[in-house]
Structure formats: C-alpha cells, structure tokens
Amino acid sequence: MKVLRDWLLMMWLLTSNLAAGQAATRPAKLPFIEVDMTRKQVRVDCQAIRVDAPLEFFCVAIGGPEHEAVLRTPARPSDVHLALLMLGLEPGQPVRFSEAAQKWLAPDGPPLRISVEFEKAGERVIVPAHRLMKSIRHGQVMPDRPFVFTGSRMLEDGRYAADVTGYLVSIVNFDLSPIDVPRLASNANDTLEWQVNEDVAPEMGAKVTMILEPIGSGDAAAQGAPLPSGSEVQTRPATLRSDPQKLERLERLWAERVAPHDAALRQAAQAQYDVIRELRREQQRLIDEADRIQRLIDELEKRYQDMTTPRPEPLGPAPSQEPPGP
C-alpha cells in the first residue's frame with residue numbers, strides 16, 4: 001500500500017499547483033476533481049443515473065457497472081484515491097477473509113461523509129448520499145452511516161485496479177473498491193436491498209457534484225466551514241420551516257445543550273476512530289501471525305506424515321521362466 005501511495009503522490013507533485021509554486025491553500029485540480037485543502041473536501045464531477053435495479057454502488061466511473069449505481073463520473077478512481085491522500089488520509093483495508101479466524105473481516109479505514117450538490121427547483125441544494133437511496137422492500141431511506149476509505153490496489157501490469165473495474169464508492173463489499181461501507185455487506189444478487197430514491201435523487205443526466213469529507217477533528221463540517229456560494233443545505237424537513245417559532249426553539253435548545261460540548265464531541269469522535277483503527281491493526285497483526293503459525297503447523301504435519309507413512313517392501317527379483325535343469 002505504501003508503494004501505491006508514494007507512486008500516486010509522485011504523480012500529483014509532477015502535475016499539481018504546488019509544483020508550479022502556487023499556494024497550498026488554493027484548491028488543487030485533478031481531472032474532474034477539486035481538492036479544497038482549507039475545507040478538507042474532495043469535490044468530484046458526476047452525473048445522475050436513474051437506474052431501475054438493485055444497487056451495488058453509489059458512484060462508479062463511466063464505463064463501469066453503471067447499471068447498479070446512483071452516480072457516474074468521468075474522474076478516474078485513482079485520482080480520487082490521490083485526492084484523499086492529499087487531504088492527509090491513509091487508506092485502510094478492504095473486505096478480506098482470514099484463514100486463521102475462518103471468517104470475513106469488514107472493510108476499515110478513515111471514515112468519510114459523502115453528500116451531493118445539485119440544482120433542484122432552480123436552487124442549489126446539498127443532500128447526504130444516504131437520502132438518495134431507499135429500501136427495495138420497505139421503501140425507507142437508507143440509514144445515515146459513514147463510508148470508509150479502503151483504497152484499491154495495483155495490478156501486476158501496473159494499472160490501478162479500480163481504474164480497470166470502474167468501482168469507486170460501493171454500498172456492498174468489493175475488495176477493489178476505493179471507498180466501501182465499514183460492515184460486511186454481501187454483493188450476492190439475492191441479498192441486495194437498496195434502490196434509487198426517486199423522490200430525492202436528481203433527474204437522469206443531471207450534473208452533480210459528489211463531496212467527500214473526512215469525519216473527525218479537522219473536517220469541514222466540524223469546523224463550521226462555509227458552504228459554496230449559492231448553496232443551501234437541505235437537511236430540515238418542510239414541517240420545521242413552516243413553523244419558525246418551533247424551529248427557533250429547537251435551534252436554541254441545540255445551542256444550549258449541544259454546542260457547548262463541540263470540542264469534547266470532536267475529541268471523542270477522533271479518539272474513537274484512533275482507538276478502533278489501532279485495535280484493528282493489532283487484530284490484523286495477530287491474524288497474520290496466526291496464519292503464519294497455521295502454515296508452519298500444516299508444513300510440519302505434512303513432513304511428519306511423509307516420515308511415518310508405511311512404505312511397501314521392495315519386490316524381489318522376478319522368478320525365472322526357464323525350465324529347471326536335468
């Protein structure tokens with residue numbers, strides 16, 4: 001993974017505005033991607049897809065599995081990976097099977113908040129990614145859960161695997177997807193449970209900006225960074241907006257009960273992420289060690305069986321076929 005990271009960073013340094021001597025605080029440009037260092041955001045140009053099928057992805061590269069996604073993008077997954085590295089994130093690990101534990105391990109990595117910005121009824125709105133999907137069975141909106149930056153990998157021919165598959169943000173587990181969900185979610189067709197939420201999702205072909213933000217201390221939302229000019233966050237139900245007094249009372253209650261704990265909550269969130277990350281690393285180290293010991297056990301048992309397995313006695317010379325002498 002470090003080799004991949006170093007290679008991506010090298011490519012960025014050769015083409016970035018830092019190499020041209022520009023200020024590091026200016027948004028860095030990649031094809032169809034903007035990296036805002038100040039607000040800790042990666043903004044990806046996308047297009048809405050109105051598929052009528054179970055979903056496996058939130059976003060894919062054009063030419064990828066578009067028939068199973070909410071959005072598609074002309075950006076390369078490797079460039080999105082690079083953009084997240086530029087924010088200082090280190091990729092975690094994809095879904096994987098542990099021979100020692102004899103079970104699948106969920107993807108893990110730095111948590112991400114994903115939202116989308118698009119035009120609706122003549123206004124720019126920002127909507128959390130989960131609201132664009134709903135349950136096939138019950139019609140309920142997908143729960144608000146984070147994604148994780150797992151990173152894809154380099155193939156033997158030197159290509160970035162997700163550039164080949166077109167995977168970018170998955171909602172079921174794929175080991176080549178750069179961004180996944182931090183839980184076990186089968187990609188078997190009979191287990192798929194989400195579809196496009198037509199009531200919220202943009203129209204087919206609509207231009208959309210997918211926004212990726214780290215969750216934890218230093219992320220844009222936690223610091224109260226301003227939204228883009230002309231933007232509006234669509235987070236409050238119409239019933240609250242229609243009752244200004246109720247809305248004001250709720251906001252005042254939030255300011256009194258929640259706002260004073262802002263720093264403590266952010267510190268707790270960062271501590272939670274750091275502790276879980278280190279525990280997962282220790283878990284993986286123990287699993288790797290257990291796998292190594294198991295391989296040694298298997299090898300010693302095989303050698304012992306080879307030494308103790310009875311072998312047939314060698315056959316004597318074949319009897320002569322000549323008739324006995326006089």
Side-chain angles (χ1 to χ4, degrees), residues 1-18 27-37 39-49 56-66 68-95 107-118 128-129 132 146-155 158-182 207-215 219-220:
M1 187 64 72
K2 184 179 184 300
V3 173
L4 171 60
R5 181 179 187 278
D6 292 345
W7 178 81
L8 287 170
L9 284 176
M10 180 186 69
M11 295 303 294
W12 170 53
L13 289 171
L14 290 174
T15 58
S16 71
N17 47 16
L18 288 181
K29 289 288 188 178
L30 291 165
F32 309 105
I33 300 172
E34 179 182 293
V35 184
D36 193 325
M37 304 293 193
R39 291 160 56 190
K40 294 291 185 180
Q41 288 185 349
V42 172
R43 301 172 62 85
V44 185
D45 294 342
C46 297
Q47 187 180 51
I49 315 175
E56 295 188 0
F57 300 89
F58 180 70
C59 183
V60 299
I62 290 177
E66 299 181 20
E68 301 169 317
V70 180
L71 305 176
R72 62 187 175 192
T73 177
R76 295 191 305 175
S78 58
D79 285 339
V80 176
H81 185 130
L82 171 56
L84 292 171
L85 293 181
M86 292 162 66
L87 292 186
L89 301 183
E90 291 281 354
Q93 299 182 88
V95 64
D108 65 83
L112 298 174
R113 176 187 297 111
I114 300 181
S115 55
V116 294
E117 181 179 5
F118 59 95
L132 273 61
F147 293 83
V148 287
F149 174 35
T150 59
S152 192
R153 58 183 172 83
M154 301 299 290
L155 300 176
R159 292 182 296 173
Y160 185 76
D163 286 347
V164 177
T165 63
Y167 300 172
L168 185 51
V169 180
S170 59
I171 60 173
V172 293
N173 300 147
F174 289 95
D175 63 346
L176 299 182
S177 182
I179 301 173
D180 206 335
V181 290
K207 293 183 178 180
V208 176
T209 299
M210 180 173 64
I211 305 172
L212 310 177
E213 300 174 283
I215 297 176
D219 74 279

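Nothing fancy with the numbering, it's 1 onward along the sequence.
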If the condition is ring-ring contact (aromatic ring centres under 6.0 Å, His included), which residues does Tyr167 pass it with, not counting sequence neighbours? Phe57, Phe174

Test ring-ring contact (aromatic ring centres under 6.0 Å, His included) applied to Phe149 - qualifying residues, sequence neighbours left out: His81

Using side-chain heavy atoms (C-beta onward) and a distance below 4.5 Å, is [X] in contact with [Y]?
X: Phe58; Y: Val116; answer: yes
X: Thr209; Y: Phe118; answer: no
X: Ile171; Y: Val70; answer: no
X: Asp79; Y: Pro31; answer: yes
X: Leu112; Y: Leu84; answer: yes

Atom pair [atom1]/[atom2] of [X] and [Y] - distance to nearest 0.5 Å:
X: Met37; Y: Leu87; atom1: CE; atom2: CG; answer: 6.5 Å
X: Ile114; Y: Ile211; atom1: CD1; atom2: CD1; answer: 11.0 Å
X: Ser115; Y: Met210; atom1: OG; atom2: CE; answer: 10.0 Å
X: Leu30; Y: Arg43; atom1: CG; atom2: CZ; answer: 14.5 Å
X: Glu56; Y: Asn173; atom1: CD; atom2: CG; answer: 11.0 Å

Tell me whether Thr73 contacts the main-chain N or O of Asp45 through its side chain, where contact means a donor paired with an acceptor under 3.5 Å.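 Present.
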
Which pair of non-hydrogen atoms, one from [X] and one from [Y], has the smallest distance, and what is that distance?
X: Arg153; Y: Leu176; result: NE-CD2, 3.5 Å
X: Ser152; Y: Ala162; result: OG-N, 3.3 Å
X: Ile49; Y: Glu66; result: CD1-O, 3.9 Å
X: Gln41; Y: Glu213; result: NE2-OE2, 3.1 Å

Looking at residues at least two apart in the chain, or sitting in another chain, which of them share a side chain to side chain donor-acceptor pair (under 3.5 Å) with [X]?
X: Ser177; result: Ser170
X: Glu68; result: none
X: Asp175; result: none

Pair Leu168, Val60 - check side-chain contact (heavy atoms from CB on, under 4.5 Å), show working. CA-CA 5 Å; Leu168 185 51; Val60 299; 5.5 Å; no

Between Val181 and Phe147, does the side-chain contact (heavy atoms from CB on, under 4.5 Å) criterion hold? Intermediate values first, please. CA-CA 5 Å; Val181 290; Phe147 293 83; 4.0 Å; yes

All pairs passing salt bridge (Lys or Arg N to Asp or Glu O under 4.0 Å) where residues 159-168 contributes a residue, at least two apart: Asp157-Arg159

Can you name the side chain to side chain contact (heavy atoms under 4.5 Å, CB included) partners of Ala61, sequence neighbours left out?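 Side chain to side chain contact (heavy atoms under 4.5 Å, CB included) check on Ala61 returns Pro77.
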
I'd like to know whether Val80 forms a side-chain contact (heavy atoms from CB on, under 4.5 Å) with Val169, so could you lay out the CA-CA distance, the side-chain angles of the two residues, the decisive distance to 0.1 Å, and finally the verdict. CA-CA 10 Å; Val80 176; Val169 180; over 6 Å; no

Mind running side-chain contact (heavy atoms from CB on, under 4.5 Å) on Val148 and Asp108 for me, showing each step along the way? CA-CA 6 Å; Val148 287; Asp108 65 83; 5.8 Å; no

